Amino acid sequence: MTRRAPEDKARTPAGTPAQPPARIRVCARCLRETTEAVLVEWIDTGSGPGLEVWTCPEHVRGYTPGLPRREG
């Protein structure tokens with residue numbers, strides 16, 4: 001019996017590798033959902049897992065780590 005590599009399992013009918021589904025994130029600035037999110041900050045919680053802060057590509061330049069989200 002021959003074992004296949006794990007990547008061989010996720011193939012389309014045409015034989016090309018299947019793409020994983022895009023992850024949907026919420027922008028920390030405008031609160032809209034996006035599949036093109038950019039990780040802008042990692043917050044260490046001290047206990048347990050940390051917190052990732054994501055923004056959409058339009059708000060990367062305007063995000064300042066450590067400051068609360070601006071309303072409006």
Side-chain angles (χ1 to χ4, degrees):
M1 186 164 151
T2 306
R3 273 188 105 158
R4 287 194 258 162
E7 64 271 2
D8 288 343
K9 293 180 182 178
R11 296 215 173 245
T12 63
T16 57
Q19 295 295 321
R23 296 194 82 173
I24 297 174
R25 307 278 188 189
V26 176
C27 175
R29 189 69 179 246
C30 65
L31 303 179
R32 287 184 288 165
E33 293 180 347
T34 180
T35 58
E36 300 173 348
V38 178
L39 182 63
V40 292
E41 184 175 13
W42 171 265
I43 301 172
D44 186 21
T45 60
S47 65
L51 177 69
E52 296 174 337
V53 180
W54 298 84
T55 66
C56 56
E58 301 137 22
H59 293 120
V60 170
R61 287 181 172 244
Y63 184 81
T64 305
L67 294 180
R69 183 178 61 84
R70 193 175 66 188
E71 296 295 326

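In this text the structure is predicted, and so the values were computed from the model without any measurement.
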Participant: Under 3.5 Å, side-chain donor or acceptor atoms of residues 51-62 against the rest of the protein: list the pairs with distances, not counting sequence neighbours.
Facilitator:
unit_1	atom_1	unit_2	atom_2	d
Glu52	OE1	Trp54	NE1	3.2
Glu58	OE1	Arg32	NH2	3.1

Participant: Any idea which heavy atoms bring Ala28 and Tyr63 closest together, and the distance?
Facilitator: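 Looking at all heavy atoms of both residues, the shortest contact is CB-CE1, 4.4 Å.
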Participant: For Thr35, what residues pass the side-chain contact (heavy atoms from CB on, under 4.5 Å) criterion, not counting sequence neighbours?
Facilitator: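 side-chain contact (heavy atoms from CB on, under 4.5 Å) list for Thr35, sorted by chain: Ala22, Ile24.
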Participant: For Thr45 versus Pro49, what's the shortest heavy-atom pair and its separation?
Facilitator: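 Closest approach of Thr45 to Pro49: OG1-O, 3.0 Å.
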